[in-house]
Amino acid sequence: MNQRHLLPPGGGPAARSGHRPAAGFAARTVGGLTGRAITVAAGRAGEPGGLRFTERQLYYETCRVLNPGSALLRGRIAGTPAPVLRLPAFTRALDERGRASVPGLLPPPVAPPARPSRPEGSERSEGPEPDLYDYGLPRLLLCQSRSIAGMLLANHIHLEAACPVLAADDALPLDLRMIAALERAGGATVHVLHDASPAGVALPARVRATLGPLSGVRVVSLGLVPRHVASLRLPTGRGPRPGPAGLGALPAALRPGEADWLAGGRFAEVAAVPPARLLRTVLRLTRGPRPPRDSLWSGLRGLRGTGFMTWPAA
């Protein structure tokens with residue numbers, strides 16, 4: 001929580017009466033308030049239907065609980081507010097509460113073991129499912145954050161969208177078998193979900209470079225970019241300014257204001273998007289437009305001329 005929310009030194013009633021408060025009173029007060037906010041935030045992050053979420057997503061949801069005005073202004077007034085809760089204060093409150101007591105909270109992701117080096121010229125390696133890549137792969141989702149990739153998998157997005165979900169650091173460079181499956185599908189798309197940061201917005205170009213000249217395979221950015229951050233009023237942070245190499249890797253499609261925003265060291269994480277909204281957006285963008293939903297009567301009319309159980313002519 002920002003320091004302005006704490007009592008100033010010597011400004012409390014106990015100090016004016018000559019009694020010195022016990023050490024750590026302010027910290028305990030802030031910790032108790034944060035703990036109650038975490039409880040409310042966990043309930044909101046899991047809606048609807050008991051969604052799973054990461055610790056960082058819970059942090060941003062707790063910030064929204066402590067600052068309800070940001071949710072009211074979202075979509076009406078563009079802006080990038082600073083988090084109202086400092087991350088160390090949130091972590092201390094979560095440690096005191098116990099992570100196991102938060103329903104829906106995912107454990108920290110574990111990096112997979114390093115892949116063995118592939119002999120030069122070999123195009124496939126043996127695995128638990130050697131025929132998995134023998135079919136076409138129409139879509140693939142790469143996430144910059146390993147935690148977000150795990151969250152999408154835990155909520156079964158890969159099943160609903162029929163789309164493998166991988167963390168970029170774990171998957172790049174892609175297995176040659178997966179590359180062949182993408183090319184075999186014809187018109188395949190590699191979706192990239194990344195933060196609004198210099199490294200994040202440069203990730204799609206990095207993916208394109210690793211894929212090489214593949215016919216019919218597109219690399220599409222799902223965001224975030226600074227314009228999304230402003231429209232959603234996502235909390236932002238500030239880190240070191242990118243060097244010349246980082247600035248040179250920024251996409252040319254960025255607006256001048258967005259490039260300046262990133263050049264100043266500003267960033268926003270995908271984890272700042274509310275979990276339910278993130279799942280809906282990823283599912284909609286990866287699965288593409290859904291076919292029109294037929295009614296019962298249109299379905300019955302269609303059955304008259306299909307299948308072996310056709311309607312009688314008379």
Do Thr189 and Arg218 have side-chain N/O donor and acceptor atoms under 3.5 Å apart? yes
Non-hydrogen side-chain atoms of Val217 and Ile179 separated by less than 4.5 Å: no
Pairing residues for Ser101 by the side chain to side chain donor-acceptor pair (under 3.5 Å) criterion, not counting sequence neighbours: Arg97
Going hydrophobic residue to hydrophobic residue with side-chain gaps under 4.5 angstrom, can you get from Leu176 over to Leu174? yes
Give a yes or no on whether the backbone of Cys63 and the side-chain of Asn67 come within a donor-acceptor separation of less than 3.5 Å. no
If you compare all heavy atoms of Leu203 against all heavy atoms of Gln144, which two are closest, and at what distance to 0.1 Å? CD2-CB, 3.7 Å
Could you tell me the separation between the OG1 atom of Thr34 and the CD atom of Glu96, rounded to the nearest 0.5 Å? 9.0 Å
Donor-acceptor under 3.5 Å (His194 side chain, Gly200 main chain): yes
Indicate yes or no: does Asp170 engage Arg146 in a salt bridge with an N to O separation below 4.0 Å. yes
Cluster link Val65 to Leu58, ILVMFWY, side chain under 4.5 Å: no
With side chain to side chain contact (heavy atoms under 4.5 Å, CB included) as the test, would you mind laying out the steps for Leu234 and Leu224 before giving the verdict? CA-CA 11 Å; Leu234 299 181; Leu224 295 170; 3.9 Å; yes
Answer yes or no: is there a side-chain heavy-atom contact under 4.5 Å between Asp95 and Thr91? yes
Does some side-chain heavy atom of Leu105 sit less than 4.5 Å from a side-chain heavy atom of Glu55? yes
Would you say the side chain of Leu222 lies within less than 4.5 Å of the side chain of Val192, judging by non-hydrogen atoms? no
Flag, side chain of Tyr59 to backbone of Leu85, donor-acceptor distance under 3.5 Å: yes
State, to 0.1 Å, how close Ala161 and Thr286 come at their nearest heavy-atom pair, and which atoms those are. CB-OG1, 3.5 Å
So, taking the atom named CG in Leu66 and the one named CZ in Arg36, what distance separates them when rounded to the nearest 0.5 Å? 10.5 Å
Are Val220 and Val190 connected in the hydrophobic side-chain network, where two residues link if heavy atoms are under 4.5 Å apart? no
Identify, with sequence neighbours excluded, every residue that meets side chain to side chain donor-acceptor pair (under 3.5 Å) alongside Arg227. Glu258
Could you tell me which non-hydrogen atom of Leu140 sits nearest to which non-hydrogen atom of Pro164, and how far apart they are? CD1-O, 3.6 Å
Is Leu232 linked to Phe267 within one hydrophobic cluster, defined over Ile, Leu, Val, Met, Phe, Trp and Tyr using a side-chain heavy-atom separation of less than 4.5 Å? no
Shortest non-hydrogen contact from Pro198 to Leu250? CA-CD2, 4.1 Å
In the structure I gave you, are the side-chain heavy atoms of Arg99 and Leu94 within less than 4.5 Å of one another anywhere? yes
How many angstroms lie between CZ in Arg52 and CG in Asn155, if you round to the nearest 0.5 Å? 8.0 Å
Rounded to the nearest 0.5 Å, how far does CD1 of Ile157 lie from CZ of Arg280? 11.0 Å
Do Leu87 and Phe53 sit in the same hydrophobic cluster, where Ile, Leu, Val, Met, Phe, Trp and Tyr count as joined when their side-chain heavy atoms come under 4.5 Å apart? yes
Is it true that Arg64 and Glu61 make a salt bridge, defined as a side-chain N closer than 4.0 Å to a carboxylate O? yes
Using 0.5 Å steps for rounding, measure from the CG atom of Leu153 to the CG atom of Leu166. 8.0 Å
Without hydrogens or angle criteria, can the side chains of Thr236 and Arg266 be said to hold a donor-acceptor pair below 3.5 Å? yes
Locate the shortest heavy-atom distance separating Ala149 from Val165; write the atom from each residue and the value. O-CG1, 3.9 Å
Backbone of Thr54 reached by a side-chain donor or acceptor of Gln57 within 3.5 Å: yes
Please report the interatomic distance CG(Leu152) to NE2(His158), rounded to the nearest 0.5 Å. 10.0 Å
Applying the side chain to side chain contact (heavy atoms under 4.5 Å, CB included) criterion to Leu279, which one of Met151, His156, Arg284, Glu160 satisfies it? Met151
Look at Asp195 together with Arg56 and state whether they make a salt bridge at an N to O cut-off of under 4.0 Å. no
Determine the minimum heavy-atom distance between Pro204 and Ser221, stating which atoms define it. CG-CB, 3.8 Å
pair Val273-Tyr60: side-chain heavy atoms closer than 4.5 Å: no
Examine distances only and state if a side-chain atom of Arg184 and a backbone atom of Leu137 form a donor-acceptor pair shorter than 3.5 Å. no
